[in-house]
Number of protein chains: 2
Amino acid sequence: MDQRKTALIFKAFCDENRVRILNLLRGGEKCACRLLEEMSISQPTLSHHMRILCDSGIVVGRKEGKWMHYRICSEGVQLAKEYLDGLTNAQTLDEEKPCCE
Amino acid sequence: MDQRKTALIFKAFCDENRVRILNLLRGGEKCACRLLEEMSISQPTLSHHMRILCDSGIVVGRKEGKWMHYRICSEGVQLAKEYLDGLTNAQTLDEEKPCCE
DNA sequence: TTTACATATTGACAAATGTAAATCTATTGA
DNA sequence: TCAATAGATTTACATTTGTCAATATGTAAA
């Protein structure tokens with residue numbers, strides 16, 4: 001369980017604007033200009049968030065001419081779900097001594 | 001879909017030290033002093049992270065005498081999973097016009 | 001009621017993050 | 001080739017976050 005990678009993946013979900021962007025992308029692939037229309041942030045700020053979303057693996061971009069089309073990446077989402085499971089499922093390894101009794 | 005709440009929940013997973021703490025708690029309930037032993041951070045810093053983990057709903061604390069025992073909260077985890085699903089599942093509402101063609 | 005101990009809170013500070021203006025790059029169309 | 005457009009990058013700055021020392025709070029033991 002790589003802590004650095006885990007933190008990187010979930011950076012996608014811990015900022016309100018990025019959550020908003022993901023919600024918009026649930027409706028299907030959208031280009032940056034369309035996202036920009038629906039958000040109240042500047043173009044460089046959108047670009048910054050799109051980079052973080054792509055770095056996390058939750059979103060992928062596709063360039064078509066002048067336009068960048070972004071969509072939610074199901075493989076990335078699947079990985080996030082596996083990490084979330086892995087992080088929160090109990091592990092039954094060696095019997096733990098009770099703590100501070 | 002509340003963006004603020006979503007961001008709050010996933011704050012639990014976007015810092016390396018908190019990921020580390022969650023991994024430690026997978027072995028079962030642990031008191032703060034035990035967590036402190038296994039991490040290389042100060043006591044106030046641990047306390048700070050435990051507050052964020054509790055605020056996110058992923059961890060709950062139980063006070064017993066001088067000690068605080070922390071454990072992963074399965075209800076909180078379940079909610080996080082639902083939010084993750086909700087954020088990343090495609091919605092099939094009105095047919096979207098193709099973007100920027 | 002002291003004393004010791006576990007943990008939380010406060011305060012200060014450095015590092016990371018979010019933001020927008022200005023600029024750069026790439027692509028299209030005239 | 002030149003102008004226009006979409007988006008990324010750079011720069012600067014304000015806010016947020018992570019960190020620890022010092023202190024406060026609460027509990028148990030002497």
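Numbers restart at 1 for each chain; the letters A, B, ... are given by sequence-line order, proteins then strands. Source: prediction; values computed, not measured.
- We find the CG-CG distance between A:Asn17 and A:Leu53 to be 10.5 Å, quoted to the nearest 0.5 Å.
- As judged by a 4.0 angstrom heavy-atom cut-off over every strand, A:His49 is placed among residues touching the sugar-phosphate backbone only.
- The side chain of B:Thr45 places no N or O atom within less than 4.0 Å of a non-bridging phosphate oxygen (OP1 or OP2) of D:dT19.
- Using the Watson-Crick or G-U wobble rule with both distances under 3.5 Å, C:dT10 pairs with D:dA21.
- Between B:Ile21 and B:Glu16 there is no side-chain heavy-atom pair separated by less than 4.5 Å.
- With rounding to whole Å, B:Leu36 atom CG is found 13 Å from D:dT19 atom P.
- When rounded to the nearest whole Å, the span between CG of A:Asn17 and C1' of C:dA20 equals 13 Å.
- Classified by interplanar angle (parallel below 30°, tilted 30° to 60°, perpendicular above 60°), the ring pair A:Phe10/B:Phe13 is tilted.
- Per the geometry, CE belonging to A:Met50 stands 16 Å off C1' belonging to C:dG18, to the nearest Å.
- Side-chain atoms of B:Asp15 lie closest to D:dG18 of the nucleotides D:dG18, C:dA20, C:dT7.
- When each of C:dT9, C:dT7, D:dC20 is scored by its nearest atom to the side-chain atoms of B:Met68, the top-ranked nucleotide is C:dT7.
- Distances shorter than 4.0 Å separate some side-chain N or O of A:Tyr70 from OP1 or OP2 on D:dA8.
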Inset, instruction - Decide salt bridge (Lys or Arg N to Asp or Glu O under 4.0 Å) for B:Asp55 and B:Lys11; before the verdict, give the C-alpha distance in whole Å, the side-chain angles of both, and the deciding distance to 0.1 Å. - result: CA-CA 9 Å; B:Asp55 286 349; B:Lys11 288 251 192 302; over 6 Å; no
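- Across all strands, A:Leu46 comes closer than 4.0 Å to no nucleic acid atom at all (heavy-atom distances).
- We find that CG of A:Leu53 is positioned 14 Å from P of C:dT17, with the value rounded to whole Å.
- The A:Cys33 side chain lies nearest to D:dG7 when the options are D:dG7, C:dT7, C:dA20.
- If you take CD on B:Gln3 and CG on A:Asp15, they are separated by 10.0 Å, rounding to the nearest 0.5 Å.
- Rounded to whole Å, atom P of C:dT17 lies 17 Å from atom CZ of A:Phe13.
- Comparing A:Arg18 and A:Pro44 against DNA chain C, the residue whose closest nucleotide sits nearer the 5' end is A:Arg18.
- With a 6.0 Å radius and a threshold of 12 heavy atoms from other residues, nucleotides or ligands, A:Arg62 has its CZ atom above the threshold.
- Here the side chains of B:Met50 and B:Leu35 are in contact, with some heavy-atom distance below 4.5 Å.
- Under 4.0 angstrom from either OP1 or OP2 of C:dA6 there lies no side-chain N or O belonging to B:Arg34.
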Legend entry - Under 4.0 Å protein heavy-atom contacts per nucleotide of nucleotides 23-30 of chain D, with B for base, S for backbone only and - for none: ---SBS--
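- Straight-line distance from the NE2 atom of B:His69 to the P atom of C:dA8: 12 Å, rounded to whole Å.
- When all heavy atoms of A:Ile58 and A:Ala12 are compared, the closest pair comes out as CG1-CB, 3.8 Å.
- In this structure, A:His48 atom NE2 and D:dT16 atom C1' are separated by 12 Å, rounded to whole Å.
- One can place CD of A:Glu16 at 14 Å from C1' of D:dT15, the figure rounded to the nearest angstrom.
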